[in-house]
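Values in this document were obtained by computation on a predicted structure and should not be read as measured data. Note that ligands are numbered from 1 as they come in the structure, with each ligand's atoms numbered from 1 the same way.
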Amino acid sequence: MHTRVEPAATGILLAAEYLRAGEPVAFPTETVYGLGADARRDNAVRKIYAAKGRPSGNPLIVHIADPADARPTVGFTAHWSGLAEKLAKRFWPGPLTLIVPRGPRLSELVSGGRHTVALRCPRHPVADAILRTFAGPLAAPSANRSGFTSPTTAAHVRAELDGRIPLIIDGGACHIGLESTVVDLSGAVPTVLRPGAVTVEMLRDAIGDVQLGMTTVRTQDSAASPGQHARHYAPHTPAYRFARAQWAAAQNFAQRFEPVALLSFADDLHLPAPHETFRLSADQTEYARSLYAAMRDADAKNLRAILVLLPDSHAGLWAAIADRLQRATEPLPP
Ligand code: TXA
Ligand code: MG
């Protein structure tokens with residue numbers, strides 16, 4: 001299959017045409033690029049799973065154009081609670097995904113066998129234009145091969161899915177750079193399954209009681225949200241994380257496994273050639289925006305390992321950054 005890449009300026013109508021024909025299309029959102037398809041049609045949704053190589057039990061996020069579309073998309077009014085409405089009012093359009101009980105209007109495949117569905121209203125002019133022109137709900141996981149790093153540019157999507165999907169809409173680099181916050185509203189207490197740019201602090205400020213449910217589970221175990229699998233968002237090169245206090249051990253590791261890539265936001269940590277140092281910002285917003293691109297650049301060097309310095313803060317967006325690093329890397333071996 002030939003994969004077309006079209007600029008957003010001319011690609012919106014074309015995207016809607018492909019989507020109406022039941023084909024998947026990759027497009028930018030404010031978080032990462034998504035691979036969208038009609039969420040009401042089994043055959044369209046199946047093509048997403050096939051292109052990504054995604055296990056069918058891992059459910060997809062359904063994207064809607066307008067917060068007001070949530071109720072009709074879910075299908076049963078009772079499934080869209082006051083709490084969901086409150087969060088949608090405060091954070092939509094934006095990087096927040098809400099898991100609520102599902103109704104009959106969507107393909108069962110988007111739920112991966114669950115009684116719930118994940119909904120999100122993205123805040124990105126291209127995603128918005130595609131959703132409005134298509135005029136229906138789009139199932140859209142991140143546009144990468146299952147288990148690997150999410151794409152934040154059209155070139156990243158192409159590197160992952162060239163020949164596997166018909167169309168990529170290029171809308172430039174995503175400005176958040178990490179996947180949306182996932183909050184499960186189907187249980188007694190709202191539970192964060194994946195931290196993101198809508199932080200736990202922001203959620204607590206909006207609705208009070210919120211619990212954290214993003215305990216990492218081993219890859220073989222079943223998870224509440226498959227993004228919780230230990231190995232996820234990962235580069236191909238073996239990647240290891242270390243805290244600043246382990247810098248001596250990291251240097252020692254680098255000496256034994258020369259050459260390695262170092263991903264660091266600390267100006268004073270540096271590995272001499274033949275190692276390669278990838279400098280990330282110490283500012284959480286900048287760091288999040290460039291992390292996945294840096295991971296890909298480091299991966300592309302085909303070095304023997306990637307070493308990543310862990311942030312020491314877990315406040316705000318650092319919680320989401322630490323979460324993704326936890327899943328993309330192993331602890332530094334002793
Ligand atoms: O920022 C984002 O959310 C991006 C953009 C494209 O919108 N999408 C994205 O989708 O990251 P994906 O499929 O890569 O991640 C969705 C996460 C997965 O961890 C999935 O298991 C979880 O949300 N999820 C989806 N539906 C769920 C459900 N009904 N119950 C529990 N977890 C669910
Ligand atoms: Mg993903």
Run the numbers for me: atoms of ligand 1, each under 4.0 Å from some heavy atom of [X], listed by number.
| X | result |
| --- | --- |
| Thr116 | 28 (C), 29 (N), 30 (N) |
| Arg120 | 1 (O), 2 (C), 3 (O), 5 (C), 7 (O) |
| Gly34 | 6 (C) |
| Ser180 | 1 (O), 2 (C), 3 (O) |
| Ile61 | 3 (O), 8 (N), 9 (C), 10 (O), 16 (C) |
| Arg194 | 2 (C), 3 (O), 9 (C), 11 (O), 15 (O), 16 (C), 17 (C) |

Who's closest to [atom] heavy-atom-wise, of [options]?
| atom | options | answer |
| --- | --- | --- |
| atom 13 (O) of ligand 1 | His124, Arg54, Glu179 | Arg54 |
| atom 31 (C) of ligand 1 | Ile99, Thr191, Thr29, Leu60 | Ile99 |
| atom 14 (O) of ligand 1 | Ala140, Ser142, Ala197 | Ser142 |
| atom 20 (C) of ligand 1 | Ile48, Asn58, Leu35, Ile176 | Asn58 |

- Query: Between Arg102 and ligand 1, which residue portion shows a heavy-atom distance shorter than 4.0 Å: side chain, backbone, both, or neither?
  - Reply: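 For Arg102, there is no contact with ligand 1 at all, from either part.
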
- Heavy atom under 4.0 Å from ligand 1: found in Thr31's side chain, backbone, both, or neither?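 For Thr31, the contact with ligand 1 is made by the side chain alone.
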
- Side-chain touch Asn144/Lys52, heavy atoms, less than 4.5 angstrom: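 SC-SC contact between Asn144 and Lys52 confirmed.
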
Close approach, [X] and ligand 1, non-hydrogen under 4.0 angstrom:
| X | result |
| --- | --- |
| Ser111 | no |
| His63 | yes |
| Glu30 | no |

- How are the rings of Phe27 and His63 set relative to one another: parallel (under 30°), tilted (30 to 60°) or perpendicular (over 60°)?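 If you compare the ring of Phe27 with that of His63, the planes turn out perpendicular.
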
- Message: If the condition is side chain to side chain donor-acceptor pair (under 3.5 Å), which residues does Glu17 pass it with, not counting sequence neighbours?
- Response: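 Side chain to side chain donor-acceptor pair (under 3.5 Å) check on Glu17 returns nothing, list empty.
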
- Query: Does Arg90 have any side chain to side chain donor-acceptor pair (under 3.5 Å) partners at least two apart in sequence or in another chain, and if so, which?
  - Reply: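 Partners of Arg90 under the side chain to side chain donor-acceptor pair (under 3.5 Å) test: Asp205.
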
- Item | Heteroatom N/O/S of Ser142 within less than 2.8 Å of the Mg ion (ligand 2) |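 Yes.
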
- Any Lys/Arg nitrogen of Glu108 or Arg114 sitting under 4.0 Å from an Asp/Glu carboxylate oxygen of the other?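 Salt bridge between Glu108 and Arg114, a charged N being under 4.0 Å from a carboxylate O: no.
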
- Message: Check this for me: does any side-chain nitrogen of one of Asp268 and Arg244 sit under 4.0 Å from a carboxylate oxygen of the other?
- Response: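 The answer is yes: the pair qualifies as a salt bridge.
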
- Task: Would you confirm whether Arg204, through its side chain, and Asp209, through its main-chain N or O, come within 3.5 Å as a donor-acceptor pair?
- Result: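 The answer is no, because no donor-acceptor pair under 3.5 Å joins these two groups.
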
- Give a yes or no answer on whether the side chain of Arg132 reaches the backbone of Ala65 with a donor-acceptor pair at less than 3.5 Å.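 Here the side-chain-to-backbone pair exists.
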
- Query: Any chain of hydrophobic side-chain contacts (each under 4.5 Å) joining Ile165 to Ile130?
  - Reply: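 In one cluster with Ile165: Ile130, no.
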
- Task: Flag yes if more than 12 heavy atoms outside Arg40 fall under 6.0 Å of its CZ atom; otherwise flag no.
- Result: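 Yes.
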
